[in-house]
Each structure stands twice: as structure tokens, then as C-alpha cells.
Amino acid sequence: MLHLNDIRNNKEKYIELLKIRGVDFSDIILSVIEKDDERKEIQKELDQILALANQNSKKIGDFFKKGMITEANELKKKSIDLKNKSKQLQNNKNQVEENIKDMLTQVPNVPHESVPIGSSENDNVIISKGGEIPNLNKNCIPHWDLVEKYNLIDFELGNKITGSGFPVYKGKGAVLQRALVSYFLNKNVAAGYTEYLPPFMVNETSAFGTGQLPDKEGQMYSVPDDNLYLIPTAEVPVTNFFRDQIISDFPVKCTAYSPCFRREAGSYGKNVRGLNRLHQFEKVEIVQIEHPDKSFDTLNNMVQHVESILIELSLPYRILKLCGKDLGFTSSLTYDFEVYSAAQKKWLEVSSVSNFCSYQANRLKLRFRDENGNTSLCHTLNGSALALPRVYATIIENNQSENEIRIPKVLHPYTGFDVIR
RNA sequence: GGUGAGGUGGCCGAGUGGCUUAAGGCGCACGCUUGGAAAGCGUGUAAACGGGAAACUGUUUCGGGGGUUCGAAUCCCUUCCUCACCGCCA
């Protein structure tokens with residue numbers, strides 16, 4: 001959620017920048033400010049009444065102590081009047097505040113000025129490319145066939161015990177998965193991130209804190225008996241660590257491995273084939289909490305960090321700056337990382353690194369103390385480093401030959417083998 | 001799952017309806033003291049939303065929500081959470 005004072009102070013600028021998303025939010029911005037003026041008026045009046053009522057209560061206490069019963073009773077009557085008035089005002093205020101909140105939740109984050117205008121994903125801008133697309137021979141096969149051929153993943157077994165989208169990794173296939181997790185975590189720790197292993201379920205408050213609730217409720221698995229939700233990403237528990245906090249040392253850098261659970265309601269067809277889209281997948285996440293002045297530099301650092309991992313894995317990749325249309329609701333600037341899956345012959349998203357500025361921090365009440373000693377909202381950033389399934393799929397597809405799959409060198413210490421036959 | 005005890009400021013902890021403007025302590029900051037430090041002494045020490053150029057000031061907040069009352073940390077209802085013991089258990 002945007003902060004009201006920020007909207008007030010940057011009204012024109014925000015309206016202009018929001019147009020990058022291809023939607024005009026000026027009406028809603030202006031009426032939010034109008035409603036807020038109304039709120040202030042009501043509060044002023046309410047505060048005065050409550051102040052008077054508080055004074056009266058004290059006087060009544062004094063009167064009773066002095067035995068001045070008549071005076072006390074008279075004042076009591078006045079206080080009852082005040083009370084009725086304040087109740088009404090309180091109701092008005094609540095209503096107006098709810099109104100404001102409703103409007104605010106409809107406004108997405110303000111795009112960074114560098115975000116390109118666009119009408120579809122085709123307008124995302126490729127800012128960097130690397131790696132070699134391998135020349136596979138024409139007998140090459142996609143990963144869903146490879147995992148069967150080499151006995152690495154059993155989708156049918158997952159179907160049997162849970163349902164589609166819940167693969168079972170086995171043998172070297174499971175080791176490879178574990179190797180990737182360890183490798184990613186080590187890379188992130190070496191880059192200064194502190195490793196966490198968070199709970200894989202969160203309570204309702206946390207789901208609200210990072211914005212999964214109320215709007216994305218249908219995307220999460222829930223455990224209604226215990227009022228818990230299975231996390232769709234480690235971002236949810238990790239970012240919520242810092243809910244309601246006043247941070248004193250920047251930057252806060254966290255990394256966490258977790259399985260991610262997503263209902264993916266509405267997905268279908270070849271996009272969900274094999275490892276491309278799952279209900280449970282594994283991911284290593286990086287999260288940073290940063291001073292507003294530095295957050296965009298930090299975003300660049302995070303992009304470089306993720307890029308370095310893809311380079312070490314020798315995967316063909318490209319980095320896209322998302323255009324206004326494709327930019328997530330809560331993000332101000334996002335870079336997507338895609339790797340080229342040589343057997344499927346398409347680009348697969350493996351990471352998305354975003355600066356949310358103060359949009360998440362506002363809801364989380366995540367603040368720091370500025371040079372004047374006032375509290376101010378932090379900026380939050382996160383990204384995947386990396387999501388496993390598509391990296392996994394691309395590694396085995398791109399490194400396949402007739403009778404074997406070669407494992408990228410950087411993973412050998414983690415797998416203990418360099419080839420799958 | 002059963003029983004019991006709790007949830008108060010950055011932390012510990014007192015507080016059974018108005019003398020609470022939340023005692024006292026710890027921590028932290030600043031000052032005095034010192035050659036320098038420690039100790040000691042003194043002062044200050046939450047957040048949100050308002051008013052004000054500022055000094056300052058109003059309201060709200062004692063886990064959350066609701067209620068009783070002129071007045072609630074304190075009484076009532078409800079809900080969440082934590083801890084202890086028992087049961088079960090990797």
C-alpha cells in the first residue's frame with residue numbers, strides 16, 4: 001500500500017508515473033486525498049470532544065471525593081451527551097478510514113521512472129544476455145522425457161500419493177536437486193546474506209503482511225483447522241520476520257530455502273508440462289531491507305548476484321526489465337531472469353528481482369529512524385536465487401547428449417558425480 | 001488432546017475502578033564529575049494520527065475485538081497467542 005503522506009507530497013509525480021502502467025489513477029488519487037481531508041476534519045472534532053470528556057471525568061472524580069454529589073451528577077449528564085456525540089463521530093471516522101483503505105488497496109506501486117511503457121510482455125526490454133545456446137542434435141528430448149529415461153523424477157508416483165504438480169525426485173535426480181539448493185545457499189551466504197530456514201506455514205497476519213491476503217487468497221493452500229497457510233514463497237515468512245520493527249542497521253540481507261506451494265488455479269496445457277509449473281516447487285530466496293536512498297543500487301547488486309550464478313552454471317540467459325504492463329502490482333521495478341531451454345526451445349523464467357520501495361514496508365510497518373530521529377519506511381527488495389525446477393529442467397536438457405547428461409562443473413562438489421547415465 | 005498459569009514500554013517487572021501523568025529496575029542517549037575511563041550523580045528515553053512556523057500540544061494504544069461505567073491496565077464477554085505439567089509422539 002502506498003503511504004498517504006507520500007501520495008500527498010508527490011501527487012503530480014505519482015499520477016504521471018502510474019501512467020506507465022497503462023492505467024490512469026488520477027481520479028482515485030485525488031479522491032483519496034479529498035477523503036483524507038475529510039478524515040482530518042472529523043478527527044479534529046472528535047479529539048476535542050474526547051479531550052473535554054477526559055477533563056470532565058477527572059472533575060467528577062474530584063467532586064465525589066469532596067462530597068459534591070449534585071455537581072458530580074450534573075457533569076455526568078454532560079458526559080453522557082459527549083459520549084453519544086463521540087460515538088457517532090467515531091463511526092464516521094471508521095467509515096471514512098475504511099473508504100480510504102479500500103481506495104488505497106486499488107492503487108498499485110508507483111513504477112520507477114526508468115520502467116518502459118508497454119502493452120504486453122513483448123515490450124519488456126532485454127538489458128543483458130549471456131551464455132551459449134547449445135547445439136543439441138535432433139534426437140534431443142525435453143526434460144519430462146529425460147527424467148524418465150534416466151530415472152530422475154517420477155511424476156506418476158507424485159500423482160498417486162498427492163496429485164499432479166507434486167513430483168517425486170529420486171536417486172541422482174534427488175541428489176541434483178539437493179545439490180542445487182546447497183550451491184545456491186552457499187553462493188548467497190558468501191555474498192553476505194544470512195541463511196534462514198523458516199516455517200513453511202504462516203498465520204493470517206503474515207499472509208496479510210506481504211499482501212497474499214486478501215487478494216491472492218485463491219493462490220495459496222490453506223489449513224483451515226489451524227488457520228494457517230502454506231507459503232507460496234519464502235519471501236512471506238522472511239519478510240514478516242521484520243514486521244512491526246524499527247531497523248537500526250542497513251542493509252538487512254537474508255536468504256532462505258523453502259518449498260513453495262501454489263494452487264495455480266486456472267493453469268493448463270503445455271505450460272504446465274513437466275517441471276514448468278508445479279504445485280510444490282523449491283526455491284532459494286534472497287531478501288533485503290534497505291535505506292530508501294540506496295535501494296535501487298541494491299537492486300542492481302542483486303541483479304548482478306543472480307547473474308553471476310547463471311554464469312557459473314553456464315546457462316544461456318537473458319535479463320529483462322519489465323514494462324509497465326507486466327510489472328507486478330506491488331513492485332516499482334522488476335528484472336526477470338530467463339534461461340533458454342534448448343529442447344523445449346523457449347525461454348523460462350527462473351528469477352524475478354524486484355524493488356518494492358516502501359509499498360510492502362507500509363503494510364508491514366517496517367521502519368527506520370532517519371537523521372532527524374523520525375521514523376520512516378524502509379525499502380524492501382527480493383528475488384529468487386534461484387527457483388529450482390526450471391533451472392533443473394534447463395540444466396538436464398542443455399547438457400544432454402546421446403547417452404548421458406553432464407553436470408555443470410560448479411555443482412560437482414555438491415553432487416559427488418559429474419555425469420548421469 | 002487434558003489441566004493450570006500468564007500476555008503491561010527496547011527488556012525485566014509493580015499495578016483489583018479516579019492520588020497512574022503506568023511505580024521501580026535494567027538498557028540506551030546526553031550532561032556533570034575525571035588526566036582518561038569505570039563508578040557515582042543529574043536529565044531524557046514508545047508508536048500512530050491530528051493542531052502549530054516552532055516551542056509545544058490534543059487523541060488513541062497495557063495481546064486483539066466487544067461490553068459495563070461519567071471514568072477501565074484493573075470488572076464482564078469473546079478471541080488469539082505464550083509458558084508449565086500430564087497424555088501421545090519423530
Side-chain angles (χ1 to χ4, degrees), chain A residues 1-9 32-104 197-209 213-214 222-229 237 240-250 252 289 358-378:
Chain A
M1 222 165 22
L2 292 174
H3 196 278
L4 245 165
N5 287 342
D6 290 341
I7 293 179
R8 281 180 171 279
N9 296 334
V32 161
I33 293 175
E34 215 171 281
K35 270 284 169 196
D36 192 45
D37 290 335
E38 195 181 328
R39 195 205 95 241
K40 285 188 187 182
E41 283 306 311
I42 296 173
Q43 190 182 337
K44 217 191 290 184
E45 206 181 328
L46 179 63
D47 283 359
Q48 281 165 6
I49 288 176
L50 290 175
L52 191 55
N54 287 342
Q55 285 169 22
N56 284 351
S57 292
K58 262 183 205 150
K59 280 186 201 159
I60 292 170
D62 284 343
F63 282 146
F64 274 127
K65 250 174 270 165
K66 292 175 186 158
M68 300 161 74
I69 307 296
T70 328
E71 287 86 343
N73 283 330
E74 223 162 280
L75 210 47
K76 261 198 199 179
K77 278 182 203 157
K78 278 190 195 168
S79 282
I80 292 173
D81 277 352
L82 287 176
K83 198 178 158 188
N84 290 334
K85 251 190 230 170
S86 74
K87 258 191 186 156
Q88 206 171 13
L89 282 171
Q90 188 67 57
N91 285 341
N92 285 355
K93 192 178 160 219
N94 289 346
Q95 207 166 13
V96 170
E97 279 175 350
E98 206 166 305
N99 220 309
I100 290 171
K101 204 177 164 191
D102 281 350
M103 287 194 273
L104 278 180
L197 182 61
F200 302 152
M201 292 190 231
V202 293
N203 58 29
E204 218 171 327
T205 313
S206 298
F208 268 103
L213 293 178
S222 63
V223 185
D225 280 355
D226 297 287
N227 224 335
L228 296 172
Y229 294 86
N240 271 286
F241 291 164
F242 305 97
R243 164 155 49 86
D244 292 323
Q245 277 204 6
I246 296 176
I247 302 288
S248 45
D249 284 313
F250 287 121
V252 175
I289 298 167
S358 60
Y359 198 90
Q360 279 186 331
N362 187 29
R363 204 193 278 236
L364 289 161
K365 299 198 173 61
L366 169 47
R367 295 149 296 166
F368 68 100
R369 223 170 270 288
D370 65 20
E371 54 287 350
N372 302 321
N374 299 318
T375 58
S376 190
L377 292 171
C378 302

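Protein chains get the first letters and strands the later ones, always in sequence-line order, with residue 1 at the start of each. Model, not experiment: these values are computed from the prediction.
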Handout entry: Pairing nucleotide - rG6(B), Watson-Crick or G-U, each distance under 3.5 Å
Key = rC81(B)
Exercise for the section: Take the protein atom CD of Glu204(A) and the nucleotide atom P of rG63(B), then report the distance between them rounded to whole Å. Expected result: 21 Å
Fill in the blank from the handout: Across every strand shown, the nucleotide meeting Watson-Crick or G-U wobble geometry with rG18(B) (both distances under 3.5 Å) is rC70(B)
Fill in the blank from the handout: Under a 3.5 Å limit on both distances, the Watson-Crick or wobble mate of rA55(B) is none
Practice task
Take atom CG of Leu82(A) and atom C1' of rG71(B), then tell me their distance rounded to the nearest Å.
Solution key: 13 Å
Handout entry: Rounded C1' spacing from rC83(B) to rA29(B) in Å
Key = 34 Å
Practice task
Rounded to the nearest angstrom, tell me the gap between atom NZ in Lys83(A) and atom P in rC70(B).
Solution key: 6 Å
Exercise for the section: May I have the distance from Ile100(A) (atom CD1) to rC49(B) (atom P), rounded to whole angstrom? Expected result: 12 Å
Practice task
In whole angstrom, give me the gap between the C1' atoms of rG6(B) and rU60(B).
Solution key: 26 Å
Practice task
Evaluate salt bridge (charged side-chain N to carboxylate O under 4.0 Å, His left out) for Asp47(A) paired with Lys40(A), printing each intermediate quantity in order.
Solution key: CA-CA 10 Å; Asp47(A) 283 359; Lys40(A) 285 188 187 182; over 6 Å; no
Problem - Interatomic distance at C1', rG71(B) relative to rU16(B), whole Å - result: 16 Å
Exercise for the section: Answer yes or no: does a side-chain N or O of Arg367(A) lie under 4.0 Å from OP1 or OP2 of rA47(B)? Expected result: no
Handout entry: 5' priority, RNA chain B, between Asp47(A) and Lys93(A) [closest heavy atom]
Key = Lys93(A)
Practice task
For Gln88(A), enumerate each residue passing the side chain to side chain contact (heavy atoms under 4.5 Å, CB included) test, keeping only those at least two apart in sequence or located in another chain.
Solution key: none
Handout entry: Spacing between Arg39(A) atom CZ and rU60(B) atom P, to the nearest angstrom
Key = 16 Å
Handout entry: Presence of Ser79(A) side-chain N/O under 4.0 Å of rG71(B) phosphate oxygens OP1/OP2
Key = no
Exercise for the section: Provide the distance between the two P atoms, one in rU57(B) and one in rA22(B), to the nearest whole Å. Expected result: 14 Å
Practice task
Taking atom C1' in both rC80(B) and rG63(B), compute the distance separating them and give it to the nearest angstrom.
Solution key: 8 Å
Exercise for the section: Go ahead and name the base partner of rA38(B); Watson-Crick or wobble counts if both distances stay under 3.5 Å, otherwise write none. Expected result: none
Fill in the blank from the handout: The side chain to side chain contact (heavy atoms under 4.5 Å, CB included) partner of Leu75(A) among Met68(A), Gln55(A), Lys59(A) is Lys59(A)
Exercise for the section: Indicate whether OP1 or OP2 belonging to rG71(B) is found under 4.0 Å from a side-chain N or O atom of Asn54(A). Expected result: no
Fill in the blank from the handout: Taking rC70(B), rC49(B), rU59(B) as options, the one with an atom nearest any side-chain atom of Leu50(A) is rU59(B)
Practice task
Could you pick out which residue, Glu97(A) or Leu52(A), lies toward the 5' side of RNA chain B when each is mapped onto its nearest nucleotide?
Solution key: Glu97(A)
Exercise for the section: Starting at atom NZ of Lys76(A), determine the distance to atom P of rG18(B), rounded to an integer number of angstrom. Expected result: 15 Å
Handout entry: Phosphate contact (rC81(B) OP1 or OP2) by Asn227(A) side-chain N/O below 4.0 Å
Key = no
Exercise for the section: Answer yes or no: does a side-chain N or O of His3(A) lie under 4.0 Å from OP1 or OP2 of rC49(B)? Expected result: yes
Exercise for the section: For rU68(B) versus rC76(B), give the span between their P atoms, rounded off to a whole number of Å. Expected result: 15 Å
Exercise for the section: Determine the Euclidean distance between corresponding P atoms of rU45(B) and rA55(B); express it in Å to zero decimal places. Expected result: 15 Å
Exercise for the section: Determine, for Glu41(A) against Lys44(A), whether the closest basic-nitrogen to carboxylate-oxygen distance falls under 4.0 angstrom. Expected result: yes
Exercise for the section: Could you give the distance separating rC62(B) and rU74(B) at their C1' atoms, to the nearest angstrom? Expected result: 10 Å
Handout entry: CD (Gln95(A)) with more than 12 external heavy atoms under 6.0 Å
Key = no
Problem - Glu97(A), CD atom: more than 12 neighbouring heavy atoms under 6.0 Å - result: yes
Handout entry: Partner nucleotide, any strand, of rA29(B) [Watson-Crick/G-U, under 3.5 Å]
Key = rU43(B)
Practice task
Name the closest nucleotide to the Thr375(A) side chain, picking from rG58(B), rA47(B), rG51(B).
Solution key: rA47(B)
Exercise for the section: Specify the separation, in whole Å, of atom CD of Gln90(A) and atom C1' of rU59(B). Expected result: 10 Å
Problem - Side chains of Ser57(A) and Asn54(A), donor plus acceptor under 3.5 Å - result: no
Exercise for the section: Check whether any side-chain nitrogen or oxygen of Arg369(A) sits under 4.0 Å from OP1 or OP2 of rA46(B), and answer yes or no. Expected result: no
Problem - Interatomic distance where CZ belongs to Phe64(A) and P belongs to rU69(B) [whole Å] - result: 14 Å
Fill in the blank from the handout: Of the listed rA47(B), rC70(B), rG58(B), the closest approach to the Ile60(A) side chain comes from rC70(B)
